[in-house]
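One structure is given here, and the rest of the page talks about it.
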Amino acid sequence: MLNYHSIGVAPGNTYVLHPDTFVRQMDYLAAHHYTPMTLAEFASVITNKMPSPAHPVLLTFDDGYANNAEVALPILQQHGFPATLYVSTGLVNTPGYLTWPQIKQLSAAGWDIASHTVTHPHLPMLSKKAQREEILAARTQIEQELGKSANTFAYPYGEFNRTTLSILRKAKFRYAFTTLEGWASSDQPPLKLHRIVVDSQKPFEDWVQQVTEATTS
Ligand SMILES: [Zn+2]
């Protein structure tokens with residue numbers, strides 16, 4: 001599972017990947033027969049209900065940057081790759097972030113849209129009530145806007161505590177993604193799945209090494 005944030009030009013920013021590098025990474029995945037999956041396909045693979053395709057990969061985008069629709073979507077469409085957006089609903093319609101029409105466009109293009117809270121807080125610093133509000137209000141709004149279930153989650157900053165886990169369990173979230181380094185697998189608890197956070201400052205060869213190590217382990 002690869003985790004992206006912003007695809008744009010901002011030298012020195014770890015979370016902003018240059019579009020040319022993103023093109024190169026997607027070309028690499030296509031050339032080496034990786035299979036980007038929808039969340040439903042991911043769920044089938046991870047529960048072993050479906051045989052795993054060649055080099056399965058889930059492409060996730062966190063926060064909800066406008067360039068996910070303006071830059072990343074056309075690049076992914078050239079390869080027919082689906083992706084998953086973990087959006088912080090309180091950032092929607094603010095400068096630099098996606099609008100609801102853009103999110104609907106991503107959804108129509110085959111992206112899965114799910115919750116990354118409302119305001120992107122450090123969840124462990126919040127009360128149980130505040131955590132619940134952040135997690136459930138975002139999910140409810142996404143489900144109302146798109147008319148589709150949004151029962152997976154990505155932790156802002158990768159941070160969670162026992163309260164977070166209990167809220168997600170009670171609300172029947174199926175999967176939650178951390179920023180623990182590595183490939184998600186059925187060996188990990190479903191609410192503590194690993195991802196590879198793509199660091200824009202690392203050389204291309206390091207990214208290739210991360211991806212190939214993760215898929216063969
Ligand atoms: Zn985030």
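Below, each value reflects all heavy atoms present in this structure, side chains not excepted, and no hydrogens, waters or symmetry copies. First listed ligand is number 1; within each ligand, the first listed atom is number 1.
In summary, H5 places no N/O/S atom under 2.8 Å from the Zn ion (ligand 1), failing the contact criterion. Coordination check, D62 versus the Zn ion (ligand 1): failed, since every N/O/S atom of the residue sits at 2.8 Å or beyond.
No hydrogens or angles considered: nothing links the side chains of H5 and N68 as a donor-acceptor pair under 3.5 Å. In this model, no donor atom of one side chain and acceptor atom of the other lie less than 3.5 Å apart for N67 and Y65.
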_side chain to side chain donor-acceptor pair (under 3.5 Å) assessment of T60 paired with R195_ = CA-CA 9 Å; T60 64; R195 292 190 293 182; 3.1 Å; yes
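The angle that D63 OD1 and H120 NE2 make at the Zn ion (ligand 1), rounded to 10°, works out to 100°.
The aromatic ring centres of F42 and F177 sit less than 6.0 Å apart.
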